[in-house]
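Reminder, nothing fancy here: chain letters follow the sequence lines and each chain counts from 1. Note that the structure is predicted; figures quoted are calculated from it, not measured.
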Number of protein chains: 2
Amino acid sequence: MKAKVHITLKNGVLDPQGKAIQNALSHLGFGGVDEVRQGKYIEIKLADTDPAAAKQRVSQMCEKLLANMIIENYAVEVEGEGALVRP
Amino acid sequence: MKAKVHITLKNGVLDPQGKAIQNALSHLGFGGVDEVRQGKYIEIKLADTDPAAAKQRVSQMCEKLLANMIIENYAVEVEGEGALVRP
């Protein structure tokens with residue numbers, strides 16, 4: 001079973017890496033880019049067979065390790081289950 | 001208009017960062033994790049109004065700057081347009 005995790009910076013948290021990408025795009029001639037925000041995307045292959053339990057477990061992984069809950073949000077998607085978004 | 005870009009390592013390319021996450025999860029007591037792959041997730045706000053043209057432009061940004069096409073794949077999603085996946 002595969003889980004997809006998106007970790008993004010909370011609104012209002014500065015993103016210097018995104019800003020650097022935006023500047024680089026502008027130097028390359030890509031205009032009209034209003035904002036760039038960079039986050040992480042993590043794919044996890046799990047031995048679990050119950051999608052709901054898997055989602056719950058991946059959510060715990062996010063809180064304990066993958067995301068810094070002070071400045072980041074996470075969203076977990078598991079095949080066959082709706083997304084769990086934790087802003 | 002918002003574009004969402006996923007940049008992932010191609011199959012077969014080693015992912016030491018993913019491996020480190022997998023080990024850390026195991027040390028934290030999360031068993032049954034078969035594989036972890038880490039990629040990048042980039043959100044781009046564009047001034048474009050035509051979704052098809054925006055997708056094309058973001059795809060060029062990926063090829064020129066955001067993705068290393070030797071070892072990475074990218075996928076572009078634009079609101080109101082299907083995903084463009086470039087393996």
Side-chain angles (χ1 to χ4, degrees), chain A residues 1-11 13 15 17-50 53-67 72-78 83, chain B residues 1-11 13 15 17-50 53-67 72-78 83:
Chain A
M1 178 159 295
K2 203 183 198 175
K4 298 176 179 180
V5 179
H6 287 89
I7 295 167
T8 50
L9 286 170
K10 286 185 198 283
N11 282 337
V13 177
D15 181 1
Q17 200 169 3
K19 201 76 195 161
I21 294 173
Q22 189 181 350
N23 290 341
L25 287 173
S26 160
H27 285 299
L28 286 171
F30 292 105
V33 177
D34 294 336
E35 195 187 12
V36 178
R37 304 278 284 176
Q38 173 158 2
K40 278 176 270 187
Y41 172 63
I42 301 173
E43 286 180 349
I44 305 177
K45 270 193 203 148
L46 294 161
D48 301 49
T49 49
D50 174 13
K55 199 163 69 168
Q56 199 55 41
R57 228 156 67 87
V58 173
S59 156
Q60 288 171 358
M61 293 177 193
C62 288
E63 308 230 352
K64 286 205 178 164
L65 179 73
L66 304 176
E72 290 171 327
N73 298 328
Y74 68 80
V76 176
E77 274 171 78
V78 172
Chain B
M1 180 160 295
K2 203 181 195 176
K4 297 176 180 181
V5 180
H6 287 90
I7 295 169
T8 50
L9 286 170
K10 286 185 199 282
N11 282 338
V13 177
D15 181 1
Q17 200 169 4
K19 200 76 195 159
I21 293 173
Q22 189 180 350
N23 290 341
L25 286 173
S26 161
H27 285 299
L28 285 172
F30 291 106
V33 177
D34 294 335
E35 194 186 13
V36 178
R37 304 278 284 176
Q38 174 158 0
K40 277 176 271 188
Y41 171 64
I42 301 172
E43 285 180 350
I44 304 177
K45 269 193 203 146
L46 295 161
D48 301 50
T49 49
D50 174 14
K55 198 163 70 170
Q56 199 55 42
R57 230 156 65 87
V58 173
S59 157
Q60 287 170 1
M61 292 176 193
C62 288
E63 308 231 349
K64 287 206 178 162
L65 178 74
L66 304 176
E72 290 171 328
N73 297 329
Y74 69 79
V76 176
E77 274 172 77
V78 172

Output for pair (A:H6 NE2, B:K4 NZ), nearest 0.5 Å, gives 7.5 Å
Does anything in residues 27-37 of chain A reach chain B? List residues with heavy atoms under 4.5 Å apart, or say none.
A:L28, A:F30, A:G31, A:G32, A:V33, A:D34, A:E35, A:V36, A:R37
Residues that [X] engages under salt bridge (charged side-chain N to carboxylate O under 4.0 Å, His left out), provided they are two or more places apart:
X	answer
B:K64	none
B:K55	B:E81
A:E63	A:R86

Between [options], who has the most heavy-atom pairs with chain B when the cutoff is under 4.5 Å?
options	answer
A:L65, A:V5, A:D48, A:I7	A:L65
A:A24, A:A47, A:A3	A:A47
A:Q60, A:Q22, A:K40, A:M1	A:K40

Given that the side chain runs from C-beta out, which part of B:Q17 has a heavy atom under 4.5 Å from chain A: side chain, backbone, both or neither?
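B:Q17 has no heavy atom closer than 4.5 Å to chain A.
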